[in-house]
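First up is the structure itself, then whatever we jot down about it.
In what follows, chains are A, B, ... by sequence order, proteins preceding strands, each numbered from 1.
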Number of protein chains: 2
Amino acid sequence: MASARKAAVEPRIRLNRERVIAAAVLLADAGGLEALTMRRLGEHLNVEAMSIYNHVANKEDLITGMADEVFGEIGLPSHGDEWKTAIRKRSISFRDALARHPWATTVRDSGTNPGPATLRHHDRVIGTFRNGGFSVEKTAHAFSAVDSYIYGFAMQEKSLPFSTPEETAAMAAIMLAQLPPNEYPYLAELTADHVLKPGYSYGDEFLIGLDLVLDGLESMRDTD
Amino acid sequence: MASARKAAVEPRIRLNRERVIAAAVLLADAGGLEALTMRRLGEHLNVEAMSIYNHVANKEDLITGMADEVFGEIGLPSHGDEWKTAIRKRSISFRDALARHPWATTVRDSGTNPGPATLRHHDRVIGTFRNGGFSVEKTAHAFSAVDSYIYGFAMQEKSLPFSTPEETAAMAAIMLAQLPPNEYPYLAELTADHVLKPGYSYGDEFLIGLDLVLDGLESMRDTD
DNA sequence: GGAGATAACTTACGGCGTATGTTTATCTTG
DNA sequence: CAAGATAAACATACGCCGTAAGTTATCTCC
């Protein structure tokens with residue numbers, strides 16, 4: 001057959017789980033989770049959609065793998081640092097990873113069946129609090145508070161309809177113009193006097209809120 | 001025709017946007033956003049799928065309407081209360097609304113084209129900070145920090161594979177049993193000594209983290 | 001009661017995830 | 001190196017999905 005001869009000229013490149021997941025992450029980064037379809041993923045891998053199922057159980061399994069991939073990109077808290085510094089660094093790294101892969105903010109089934117990178121990450125974060133003098137109970141509080149904040153911030157950041165300062169200013173001006181001015185006076189004030197000021201960037205809010213949470217955790221650790 | 005006669009016996013009930021959105025919210029509450037399909041929604045409304053398009057522009061418009069519905073359920077901060085009390089109450093109400101409608105945590109296109117309930121809600125929250133003595137800039141910090149925390153917490157809560165205390169204990173025991181014990185010692189400790197303790201409920205973490213954020217905002221307001 | 005508007009229904013299309021069955025390429029073992 | 005076994009590719013098909021386009025029934029108002 002002609003196809004057999006052609007196959008001899010262009011030998012198949014074997015797939016594997018890592019290559020599949022990496023390509024899927026690229027696709028989702030570019031167009032969001034809804035751009036990730038098995039057929040399109042197949043195209044990017046030069047393979048038919050069904051061939052992917054030799055390497056992942058189904059689409060959910062694929063996405064779980066992708067989420068673990070993202071967790072693997074987060075810098076683990078360093079043992080050498082004091083707890084606050086260590087958690088601060090990994091929180092920034094966490095937020096950066098979620099900004100690189102915005103689709104990951106909504107996945108969160110890492111909660112139901114976490115992959116190995118996710119487990120290691122969580123273990124190290126918990127260990128950092130414990131070694132920093134937090135009781136088991138206060139470690140739970142700290143873990144919940146910090147990660148809730150990070151996830152929530154990443155989600156808000158993702159949902160903004162702009163990213164660069166120029167886009168922000170343009171978008172804010174439009175939104176301000178079409179706001180009924182008397183109906184939402186405080187919203188109008190915030191937009192006009194803060195968002196539209198030169199140099200405004202929503203991303204700058206991240207560290208302010210993060211440090212607020214970390215300082216609160218420090219005083220919580222030392223009281224009761 | 002027989003169908004014409006039958007129609008005379010069972011006259012059509014007219015649809016409208018509110019009824020469509022309310023039914024869609026019910027459907028999503030019960031089975032998540034992926035259970036919300038136009039055909040199923042039609043069935044629940046005793047109507048063909050395409051008839052729904054006389055009342056919403058498309059599915060995205062429908063979901064936007066649903067999100068605004070949820071925002072409408074959140075109690076507005078009261079003018080009578082001190083800012084901290086007012087924000088605390090509305091934050092609890094916000095979290096309750098997101099717990100009732102878990103699908104809403106991932107929607108967030110309220111950011112791109114907010115509905116009237118969403119706008120009113122935001123305006124009132126911003127106004128509460130402003131009248132509580134926050135500068136415009138600090139109001140932005142406060143708004144971002146509080147809502148990030150609430151969204152993130154709601155998302156984590158939603159992604160837990162259990163809700164009742166019994167389920168939690170059962171699930172935690174299973175997860176603990178299948179954890180490589182030496183590989184994740186801190187995770188194991190937290191699960192055994194905290195999650196498996198009687199009376200544990202992740203939901204209790206909400207107020208702890210919320211008060212931590214609110215206290216932090218208070219001292220931020222009074223410094224610099 | 002007749003006309004025009006509104007909102008329902010019907011049909012159809014392309015794309016989705018994936019079950020099932022078949023073919024081809026690669027690996028194993030002598 | 002040959003051949004049988006295994007793994008991974010391809011091909012087809014099914015029942016869903018959102019929704020465009022066209023048709024019919026009902027409601028509203030004179």
Q | Counterpart residues, ring pair (Phe, Tyr, Trp, His ring centres under 6.0 Å), relative to A:Phe143 (two or more places apart) | A | A:His122
Q: Can you tell me the distance, in whole Å, between the CD atom of A:Glu48 and the P atom of D:dT12?
A: 10 Å
**Q.** Residue whose closest nucleotide on DNA chain C lies nearer the 5' end, A:Ala57 versus B:Ile52
**A.** B:Ile52
Q. Any side-chain heavy-atom pair from B:Met38 and B:Leu62 closer than 4.5 angstrom?
A. yes
Q. To the nearest angstrom, how far is B:Arg17 atom CZ from C:dA7 atom P?
A. 13 Å
**Q.** B:Tyr200: partners by ring pair (Phe, Tyr, Trp, His ring centres under 6.0 Å), with sequence neighbours left out
**A.** B:His194
Q. Can you list, by residue number, the residues of residues 26-41 of chain A that have a non-hydrogen atom closer than 4.0 angstrom to DNA chain D?
A. A:Arg39
Quiz: residues 42-58 of chain B side-chain donor-acceptor pairs under 3.5 angstrom, not counting sequence neighbours:
from: B:Asn54; atom 1: ND2; to: B:Ser51; atom 2: O; distance (Å): 3.4
from: B:Asn58; atom 1: OD1; to: B:Glu60; atom 2: N; distance (Å): 3.2
from: B:Asn58; atom 1: OD1; to: B:Asp61; atom 2: N; distance (Å): 2.9

Which pairs would a plain distance check flag for residues 22-33 of chain B, meaning a side-chain donor or acceptor within less than 3.5 Å of a matching protein atom at least two apart in sequence or in another chain?
from: B:Asp29; atom 1: OD1; to: B:His101; atom 2: ND1; distance (Å): 2.8
from: B:Asp29; atom 1: OD1; to: B:Trp103; atom 2: NE1; distance (Å): 2.7
from: B:Asp29; atom 1: OD2; to: B:His101; atom 2: ND1; distance (Å): 3.0

Q.
When you measure from the side-chain N and O atoms of A:His55 to the phosphate of D:dA7, is any distance below 4.0 Å, counting only OP1 and OP2?
A. no
**Q.** Partners passing ring pair (Phe, Tyr, Trp, His ring centres under 6.0 Å) against B:Tyr184 (at least two apart in sequence or in another chain)
**A.** none
Q: Return the value, rounded to whole Å, for the distance between atom CD of A:Glu60 and atom C1' of C:dT18.
A: 14 Å
Q | Whole-Å distance separating the CZ atom of B:Arg19 from the P atom of C:dA7 | A | 13 Å
Q.
OP1 or OP2 of D:dC10 versus the side-chain N and O atoms of A:Ser51: is any pair under 4.0 Å?
A. yes
Q) Roughly how many Å is it from OH in B:Tyr53 to P in D:dA21, rounded to a whole number? A) 13 Å
Q. How long is the line joining CG of A:Asp61 and C1' of C:dG17, in whole Å?
A. 14 Å
Q. Are B:Arg90 and B:His121 side-chain neighbours, meaning at least one heavy-atom pair lies under 4.5 Å?
A. yes
(Q) How many whole angstroms separate atom CE of B:Met50 from atom P of C:dT6? (A) 18 Å
Q) Is B:Asn54 near enough to C:dA8 that one of its side-chain N or O atoms lies under 4.0 angstrom from OP1 or OP2? A) yes
Q.
Counting only side-chain heavy atoms from C-beta out, which of D:dA9, D:dT19, C:dT18 sits nearest to B:Asn58?
A. D:dT19
